[in-house]
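See structure below.
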Amino acid sequence: MKTMGTLFWDRINNWNLMSEDKDFSYASVNPCAEEPLPSGGSCLLASINLSEFVKNSFTENATFDYKNFTEVVREGVIYLNEVLDEGLPLHPLKEQRDTVRDLRQIGLGVMGIADMLIKLGLKYGSQESL
């Protein structure tokens, strides 16, 4: 099965953190297109499983552990930055090493949203889940 999507370069160019720098431009995206990349850029991505932060799953006392989640986000950013530094010498081109070192493009995403909601006893898409 082939999946396709739409990529809006105008939004990427206008809504990115570097949009005020007129000398900066993106050249491509990574294979899944969630990370716009400049020439020589490289993406380093990780995900946090939200369902693992539910305490007292499947009970009326189920809650989301925001304190632990906040700490994992902080640790995840540190981890990705350390992996980025460790991998710098592995990029074959100087342009890649320089771009990755200077721009430090990392992405920390989430997964397990539906499982988290099930554990919390919330209906997906309900006002409370939002």
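The model shown is predicted, which means the values in this text are computed figures rather than measured ones. Counting from 1, the numbers follow the sequence of the chain as shown.
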Residue pairs passing the side-chain hydrogen bond (donor to acceptor under 3.5 Å, both in side chains) test where at least one lies in residues 75-103, sequence neighbours excluded: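 Sorted result for residues 75-103: Ser39-Glu95, Asn81-Arg104, Asp85-Arg104, Lys94-Asp98, Asp98-Arg101.
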Qualifying side-chain hydrogen bond (donor to acceptor under 3.5 Å, both in side chains) pairs, either residue in residues 50-66, two or more places apart: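 As it turns out, the side-chain hydrogen bond (donor to acceptor under 3.5 Å, both in side chains) pairs with a partner in residues 50-66, which skip direct neighbours, are Asn49-Ser51.
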Do you reckon [X] sits in the same ILVMFWY cluster as [Y], going by side-chain contacts under 4.5 Å, direct or chained?
X: Leu84; Y: Leu103; result: no
X: Val29; Y: Leu44; result: no
X: Phe53; Y: Leu108; result: yes
X: Val72; Y: Leu45; result: no
X: Met111; Y: Leu122; result: no

Identify the two heavy atoms, one from [X] and one from [Y], that lie closest to each other, and give their separation to 0.1 Å.
X: Pro36; Y: Gln105; answer: O-NE2, 3.1 Å
X: Gly40; Y: Val100; answer: O-CG2, 4.2 Å
X: Ala62; Y: Val54; answer: CB-CG1, 4.3 Å
X: Ser129; Y: Gly125; answer: OG-N, 3.1 Å

For Arg11, all residues meeting salt bridge (charged side-chain N to carboxylate O under 4.0 Å, His left out), sequence neighbours excluded: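 Arg11 satisfies salt bridge (charged side-chain N to carboxylate O under 4.0 Å, His left out) with no residue once adjacent residues are dropped.
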Results of salt bridge (charged side-chain N to carboxylate O under 4.0 Å, His left out) for Asp115 - residues two or more places apart only: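 Testing Asp115 for salt bridge (charged side-chain N to carboxylate O under 4.0 Å, His left out), a comparison that skips the adjacent residues, returns none.
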Audit row: Met116, Phe64, side chain to side chain contact (heavy atoms under 4.5 Å, CB included) steps and yes/no: CA-CA 8 Å; Met116 175 195 68; Phe64 188 83; 3.5 Å; yes
Hydrophobic cluster (4.5 angstrom, side-chain heavy atoms) - remaining members for Ile118: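 Via sub-4.5 Å side-chain contacts, Ile118 links to Phe58.
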Pairs where residues 15-50 contributes a residue and the test ring pair (Phe, Tyr, Trp, His ring centres under 6.0 Å) is met, not counting sequence neighbours: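 Only Phe24-Tyr26 qualify under ring pair (Phe, Tyr, Trp, His ring centres under 6.0 Å).
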